[in-house]
Amino acid sequence: MAAVNADSRRATPSVPGRLAVPTGVLAAVAAAFAYVGAVDPNEPGHYPVCPLLHYTGLYCPGCGGLRSAHAFVHGDLPAALHANALAVLGYLAFAVLWTVWVVHAVRGRPLRIDPRPGLVWSLGALLLVFTVVRNLPFGGWLHP
């Protein structure tokens, strides 16, 4: 008697089934942006203070991210870029990756993200340069 392969019995999920996880992720991100859009981070008392900024006076790469998201939700791109330009690039990168994920899901192909070491090191260097420059005197335009 031949053994039945468990994978051959498993039915391929339908398109709505394959879109369930990307849709859930989008819903969670949209809910977070809706909350930050409704609760202004420019008013004190709503969000915790950045510990690095509080104790050292230095801006971390995430400082201004909530203000950036708030401005982005309200359609104020210049204010969002001023609060944290790197965060705005992150929002756009998420949108592109999410769209690619959805296209792969519709086609029934898994999305494999396998960044090359050079890309990972480049992103790390960008993050480091952004952090250092925003804390130097001539980088004041990058302060949130």
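Since we're looking at a predicted model, the values are computed, not measured.
- In this structure, CG on L58 lies 4.5 Å from CG on N135, to the nearest 0.5 angstrom.
- The side-chain heavy atoms of R134 and C63, taken from C-beta on, include a pair separated by under 4.5 Å.
- For P61 against N84, the heavy-atom pair with the smallest separation is O-ND2, 2.8 Å.
- Cluster annotation: F130 and V133 are assigned to the same hydrophobic cluster (Ile/Leu/Val/Met/Phe/Trp/Tyr, side-chain heavy-atom contacts under 4.5 Å, transitive).
- Under a hydrophobic clustering in which Ile, Leu, Val, Met, Phe, Trp and Tyr are joined whenever their side-chain heavy atoms come within less than 4.5 Å, directly or via other members, F138 and L142 fall into the same cluster.
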For the pair L53 and Y59, evaluate side chain to side chain contact (heavy atoms under 4.5 Å, CB included) and give the outcome as yes or no after the intermediate values.
CA-CA 5 Å; L53 181 62; Y59 295 105; 3.8 Å; yes

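- Judged as a ring pair (Phe, Tyr, Trp, His ring centres under 6.0 Å), and not counting sequence neighbours, H104 has no contacts.
- Linking ILVMFWY side-chain heavy atoms closer than 4.5 Å, directly or via other members, places F94 and L89 in two distinct hydrophobic clusters.
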Would Y91 and S68 count as a side chain to side chain contact (heavy atoms under 4.5 Å, CB included) here? Give the steps.
CA-CA 10 Å; Y91 311 151; S68 175; 3.4 Å; yes

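- No chain of hydrophobic side-chain contacts below 4.5 Å, direct or via other Ile, Leu, Val, Met, Phe, Trp or Tyr residues, connects F33 to L66.
- Counting only residues at least two apart or in different chains, salt bridge (Lys or Arg N to Asp or Glu O under 4.0 Å) contacts with residues 14-43 are absent.
- The two residues G64 and P144 come nearest to each other via the heavy atoms CA-CB, 3.6 Å.
- Scanning all heavy atoms of the two residues, the minimum distance from A87 to G65 falls at CB-CA, 4.4 Å.
- Residues N42 and R67 come closest through the heavy atom pair OD1-CD, 2.9 Å.
- In this structure, the separation between OH on Y47 and NE2 on H70 is 8.5 Å, given to the nearest 0.5 Å.
- V39 and F72 are assigned to two separate hydrophobic clusters, defined by single-linkage of ILVMFWY side chains at heavy-atom distances under 4.5 Å.
- Taking CG of L123 as the reference point, atom CG of L86 lies at 9.0 Å (rounded to 0.5 Å).
- Within the 4.5 Å cutoff, side-chain heavy atoms of I113 are placed close to those of P115.
- In this structure, L77 and L81 have side chains that are in contact, with non-hydrogen atoms separated by less than 4.5 Å.
- In this structure, the separation between CG on L127 and OG on S122 is 12.5 Å, given to the nearest 0.5 Å.
- A heavy-atom distance below 4.5 Å is found between the side chains of V106 and L19.
- Proximity of W98 to V29: side-chain heavy atoms (C-beta onward) are nowhere separated by under 4.5 Å.
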